[in-house]
Structures are given as structure tokens and as C-alpha cells.
There are 2 protein chains.
Amino acid sequence: MAKAGVTDSQTRLKIFRAASDIFEEKGYEGARMQEIADKAGINKALLHYYFRSKDQLFMAVFQVLLKKMFEKIMTIFAADITFKEKIRLFLGQHIDFLSKNPKLPIFLLNEISKNPSIATGLKETLQYGEMRDLLYMKHAKELRGYGIKKSDMPQLMVTVVSMSVFPYAAREMIAIMMPQMLDNKRFKTFMEERKEFASDFILNSLKHRKK
Amino acid sequence: MAKAGVTDSQTRLKIFRAASDIFEEKGYEGARMQEIADKAGINKALLHYYFRSKDQLFMAVFQVLLKKMFEKIMTIFAADITFKEKIRLFLGQHIDFLSKNPKLPIFLLNEISKNPSIATGLKETLQYGEMRDLLYMKHAKELRGYGIKKSDMPQLMVTVVSMSVFPYAAREMIAIMMPQMLDNKRFKTFMEERKEFASDFILNSLKHRKK
DNA sequence: GTCTATAGAAGGATAGAC
DNA sequence: GTCTATCCTTCTATAGAC
């Protein structure tokens, strides 16, 4: 009895981890049960013994990965600091998080896009709906000082999140225009610099926003 | 004899269009030759008669769609106006373009991410490599006035492009946090408002950037 | 050029032995 | 709980008639 389809069974865990890697790398359609079995070092039949079907194995993996992403974002936004500090904290910590999970953005974005219903179960489980309101209430005075109305929050939040997420999702596309980004060290440096660039960029814009 | 694998044959064109739709919607792995044939109103065997294999059909489609995206961006950035005006023009026109091709971003991003080599052929064909330099040279004085160094250009360009592209790529993800975005009209309004929000946001940040 | 029929391979899933 | 063997469906691709 453990969280979201993962018990403490050693084999189950090995399968789950292998499946996470393969699905994250190849996506649902591109993943092969055989490859997952190989990576887990067990037989294909065992996958079905533990997870019944490819669909169910995928859902178990997907939900954990989606939750991982959202919880990271939510935890940072929930911190008890000023909005200004929150921007800097978010970009610092979220880029650190994504640098350890660089394929997570494109995986989640693509799978949800191809099949939006896979996330419906989570909308209720994790009540992120009122995030915007919570965030605005918490920083109402500060945000009004920046000329940010409640109705501006979606635009602002999408902008902030895209600063960290987009470069990972679009890395190979970016590399077409900037081939130096193919180099891991260069890209790493780019993202390290982005922490400050993006923070300054956002805060600077907010600071001088006409009200 | 026509561009990138598309002749003027009526059937070939029907197939090509059907394939574009299906691949864009489901991706390479998720697409089925049968479904493409059905959509084109012809037989499966004809697909192979005209395009030999799924791979080759996909490549023909992919190259055209990638080119479509890049040429749009390049055309706007090549305009003979100030950088400031360029930002506003880009966000206006690119969001218009994407609102007509909403699935293009996630399709391109995902396919390139899953198989980076599919774009290698294009890196030489379309010489976008020196885009950053071109753009910087053209607006050197203006950009220096904003405190933007040449080495800041990648950060700035990624930021600008993400403003229009990210919301489309992440639409379903955004909808988890903001369910109202599931409504097409609402999303359309959101993107219309984003033209101004993002333009102001960027220009405001540049204008007051410390040098 | 276009179709029907089918080959051939791959992949998900299950039966049954241990 | 784990394995081997195999079933069955799906999918790409081709052969061959018209």
C-alpha cells in the first residue's frame, strides 16, 4: 500500500523506474514494452503481471511525473516571501530542478497535448485551480504596486513559467538557430545565466510598469 | 518538379495534405498510414506508390512544416524597422500565425526532441545560424542603448520567441491550472491580449534596463 | 495510377510450467 | 513471483490485377 501504484516490491520498483526512463525519453507511442523489460532486467511478461497493460503502466508513470513537476512549481510559489523574491527563487530553483530533468517538459507537454484526458483525474486530486487567486491574494498590495491587476495574473504566470520551461522543451529547436546549444556545457551555462537574466528581465519590467 | 517532395499531382497533393494533418495531430509514432489514406480518400497502397515509406512521407511533411515555422519567424525579424517596432510586429504577426496553426509548436518541438537528426539536413539548407549576428548588427546602436550586449542576444531571442510559442505548446498544461483556457474563445482572447501584454512587458524591461 | 489481397514483421498480451 | 513459448492484433509494405 503505497503512493500512486508504486509499492515497495523491488521488482515493481525496478519496472517503474525503467518505464519512467523509457516513456520520458520516447513518449507513450514510441515506447516498447520489450525495451522497458530489458532496461528493468526482467521479462516482458512480468510487466503485465505487475501493471496489467501498457496503458496502466504509462498512467502510473505519467501521474508521478506530472505531480513531480507541479509540486515543484507549487512548493516554490507557496514560499513565504515577497513576490519579488519569489521570482528570483522560482527561476533559480526551477532551473536547477529542470537541469536534473531536462526531458520532463517536452514529455509532459506532448503527452497532455496528444491526450488531454490523461490529466483529468489530477485536476481534482491536486487542486491547483485556485493557484492564481492564492498567489494574488498573498501579494495583492505588492502586485498592485507594480500595476498588476488580478486579470493580468494568467499572462504574468505563463510568462514566468515559460522562462524556465521553454528552453528545455525547445532545446533542439533552439540548437537549429544556435548550434552551440548542442553542447551540454554551453547549454548548462546558458541556463545558469538565465536565472539572473530572466529574474532581472521580469523584475525590471514590473518595476517600471505604467499603472 | 516542385518544392520539397510535392509535385502538382492531385493525388500526391491530397496525400500530402492528409499526412500533414495526421502527423501534426498525432506525431510520427502515433500516426497510422491507414488513417492518412482514409483522410486522403484513397487507398493505403497509393501512399507507398507516391512516398515509398512512412519515413519518407513523414520527412516530406516535416520539412515543409519546419520551414513554414522558421520562415515565418525569419520574415518578421528581417523587416526593415526598428528593433522596438520589430518586437511588436513579431508578437502580433506570430501569434496570428500560430492561432491558425496551434498544433505546430508542440508537433515540431516534440519531433525534433525525439529525433534531433531529422532537422540536420535543414541546418545547411536554410542558413539561420547567423541570425543572431545579423539581428544584432542591424540594430547594434539601438540594442546597445538598451544595454543589450551581443552575448545577451540568445537570452533575449529565446525570451521573445517563447512569449508567442510557449502558450500554444503548453496550452493543455496551462488548462490544468486555469481550466477556463480549455474554452477556445477564452484562449483566443488570452492570446490576443498577449500581443500587447508581451510587447509592453519586453519593451518596458528593455527600456529601463541598467546598462 | 489505383485498387484488392496478402505477406511479413512487430508489438501487446496471455497461458502455463516452475 | 518469474520465466518461456505463443497467441493475436495491428501495422507497414508489396504483389499483382485492372
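Below, chains carry the letters A, B, ... as their sequence lines are ordered, and counting in each starts from 1. Heavy atoms only: backbone and side chains are in, while hydrogens, waters and symmetry mates are out.
Less than 4.0 Å separates DNA chain C from at least one heavy atom of each of the following residues of residues 41-48 of chain A: A/Lys44, A/Ala45, A/His48. Contacts between residues 23-33 of chain A and DNA chain C, defined by a heavy-atom separation below 4.0 Å, involve A/Ala31, A/Arg32, A/Met33, listed by number.
Put simply, chain A comes within 4.0 Å of DNA chain D, heavy atom to any atom, from D/dG1 to D/dT4, going 5' to 3'.
Partners of B/Asp200 under the salt bridge (Lys or Arg N to Asp or Glu O under 4.0 Å) rule, at least two apart in sequence or in another chain, are B/Arg88. Scanning for side-chain contact (heavy atoms from CB on, under 4.5 Å) contacts around B/Lys188 gives B/Ser99, with sequence neighbours left out. With sequence neighbours excluded, the residues forming a side-chain hydrogen bond (donor to acceptor under 3.5 Å, both in side chains) with B/Ser117 are B/Asn115, listed by chain and number. Qualifying side-chain hydrogen bond (donor to acceptor under 3.5 Å, both in side chains) partners for A/Glu35, counting only residues two or more places apart in sequence or in other chains: A/Lys26. Not counting sequence neighbours, B/Ser53 has no partner by the side-chain hydrogen bond (donor to acceptor under 3.5 Å, both in side chains) test. B/Asp96 meets the salt bridge (Lys or Arg N to Asp or Glu O under 4.0 Å) test with B/Lys195; sequence neighbours excluded. Legend: residues meeting salt bridge (Lys or Arg N to Asp or Glu O under 4.0 Å) with A/Lys68, ordered by chain and number and at least two apart, are absent.
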Show me the donor-acceptor pairs, under 3.5 Å and distance only, between side chains in residues 27-34 of chain B and residues at least two apart or in other chains.
| from | atom 1 | to | atom 2 | distance (Å) |
| --- | --- | --- | --- | --- |
| B/Tyr28 | OH | B/Asp55 | OD1 | 2.5 |
| B/Arg32 | NH1 | B/Glu29 | O | 3.0 |
| B/Gln34 | NE2 | B/Asp38 | OD1 | 2.9 |

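Contacts classified as salt bridge (Lys or Arg N to Asp or Glu O under 4.0 Å) and involving residues 98-116 of chain B (residues at least two apart or in different chains) are not found.
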